[in-house]
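Remarks on the structure that follows.
The shown structure was predicted, so the numbers you read here are calculated from the model rather than taken from an experiment. Numbered from 1 within each chain, the chains take letters A, B, ... in sequence-line order.
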There are 2 protein chains.
Amino acid sequence: MSSMTTRDHIVDAADLLFYQHGFEHTSFSDIADVVNISRGNFYYHFKSKDEILDAVINKRLADRRMMMEQWEIQGKTPQDRIQSFINILVVNGDKIKRYGCPIGTLTSELAKLNHNAQAEANGLFMLFRAWLCRQFTLLGRTADADELAMHLLARSQGVATLANAFQDDKFIAQEVKMMCNWLKSVTPS
Amino acid sequence: MSSMTTRDHIVDAADLLFYQHGFEHTSFSDIADVVNISRGNFYYHFKSKDEILDAVINKRLADRRMMMEQWEIQGKTPQDRIQSFINILVVNGDKIKRYGCPIGTLTSELAKLNHNAQAEANGLFMLFRAWLCRQFTLLGRTADADELAMHLLARSQGVATLANAFQDDKFIAQEVKMMCNWLKSVTPS
DNA sequence: GACAAAGTAGGACAGTCGTCCTACATCATG
DNA sequence: CATGATGTAGGACGACTGTCCTACTTTGTC
């Protein structure tokens, strides 16, 4: 995109580097090398590293919102849309094997750092939770929609963590299949 | 323990601090403050920070092995023993809510750091995987014992990650109950 | 073309990190 | 008591961190 500002480039690079190497392990120098600007000049665009983190979280929130909108357009039924969520594990399989889930690993890291942005990062989970909850409600599971949402979220988090540790494609495929069957089993006929 | 050496004290303190604040975010000064020794003196006991990490991983391996031996003594049936594994989520609920799973968060961090000790840390997962696999085999599920082991491991990892993010006791209880029901459902009658 | 505004470069800064070194204390054994 | 081994204290080191500052270049507007 030629219309992208330097600020956008910084946020994009930080987004990727925070995912690949973690927030703390990513330095200004690392980002500067990617964006090709001088290290000291970040402070024209951001007052602190934490402000970059805020921007990255907001970008991720926006990205995920857009993704969900796509799912709503493409998936006619709630099952289809929930299926789209499950399929992330396959679509992003390679990245997840290497770096884990972008959301889960970020919230874990910030929890250990006792970082101020914890609540904001958790908003990413809340976004998926609320969206899934809505889909399960539309599916007819009004009574336990949130439970089901949390259950599915937990399942996919667990698969991401183990896929990252074991680098196992077959495992991901197996678990995705089981989640599909589970989805069928909770869908009223 | 009065019989504990300084080295043991260092490893214990590092074990706890690595869990609470992460490996990278824990400095020699942090450990020194807990153990009450001078910072520069670590190198009499360890040649590098990575060597402390090795020692911590080995300690965790030994601790978990001991835990499993206890489970084998206390649990008469394979179901009982697998149940003991599931119950970690309740027994260690408070710590998990604060800091996540000690194993999952460590392997995630080391993956992002691209650290040499990744393989060793993954040994912790392999330990549980093999143990669970054995229990499911004893349960009579010889054909898919490893699949079931990985599935249960993933489930507990997911619960730990979300419990850490959402600080939700009720969620843990719900998921543990579901895992119990799942365990019954895979147990041949 | 003048000039303020927007953006950038590059280095200074104080602090912290892991590492290493040397001097000192403790202690068992002769 | 003497002596070597074991362990400890405390600071020096170079590298790197996030932050901040000043000088410079580019850009848009009158």
request  = Decide, yes or no, whether a salt bridge links B:D63 with B:K59 under the criterion of side-chain N to carboxylate O below 4.0 Å.
outcome  =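 Salt bridge between B:D63 and B:K59, a charged N being under 4.0 Å from a carboxylate O: yes.
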inquiry  = For A:K97, is there an ion pair with A:D168 - N to carboxylate O distance below 4.0 angstrom?
reply    =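 Salt bridge between A:D168 and A:K97, a charged N being under 4.0 Å from a carboxylate O: no.
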Among side-chain atoms of [X] and [Y], is any donor-acceptor pair under 3.5 angstrom?
| X | Y | answer |
| --- | --- | --- |
| A:S38 | A:N41 | no |
| A:Q74 | A:Q70 | yes |
| B:S84 | B:N87 | no |

Rounded interatomic separation in angstrom, taking [atom1] from [X] and [atom2] from [N]:
| X | N | atom1 | atom2 | answer |
| --- | --- | --- | --- | --- |
| B:L113 | C:dG18 | CG | C1' | 15 Å |
| A:F18 | D:dG18 | CZ | C1' | 12 Å |
| A:L53 | D:dT19 | CG | P | 12 Å |
| A:E51 | D:dC20 | CD | P | 11 Å |
| A:D50 | D:dT17 | CG | C1' | 14 Å |
| A:F46 | D:dG18 | CZ | P | 14 Å |
| A:I52 | D:dG18 | CD1 | P | 9 Å |
| B:I10 | D:dG7 | CD1 | P | 11 Å |

request  = Determine whether the aromatic ring centres of A:F166 and A:F171 lie less than 6.0 Å apart.
outcome  =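 No, the ring centres sit 6.0 Å or more apart.
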ask   = Is there a donor-acceptor pair closer than 3.5 Å between any side-chain N or O of B:Q118 and the backbone N or O of B:H115?
value =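 Pair found, side chain donor or acceptor close to backbone of B:H115.
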ask   = Between the main-chain N or O of B:E24 and the side-chain N or O of B:E109, is there a donor-acceptor pair closer than 3.5 Å?
value =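 Side chain of B:E109 to backbone of B:E24, a donor-acceptor pair under 3.5 Å: yes, one is there.
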inquiry  = Using a 4.0 Å heavy-atom cut-off to protein, can you give one letter per nucleotide of nucleotides 6-13 of chain C, 5' to 3': B if the base is in contact, S if only the sugar-phosphate is, - if neither?
reply    = SBBBBBB-
query = Do the side-chain N or O atoms of B:Y43 get closer than 4.0 angstrom to the phosphate oxygens (OP1, OP2) of C:dT19?
reply =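 Looking at the OP1 and OP2 atoms of C:dT19, one of them is under 4.0 Å from a side-chain N or O of B:Y43.
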task = Specify whether A:F23 and A:F18 have parallel, tilted or perpendicular ring planes, treating 30° as the upper limit for parallel and 60° as the lower limit for perpendicular.
result =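 A:F23 vs A:F18 ring planes: perpendicular.
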inquiry  = Counting only heavy atoms and a strict 4.0 angstrom limit, can you tell me which residues of residues 19-34 of chain B come near DNA chain D?
reply    =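 Here the set is empty: none.
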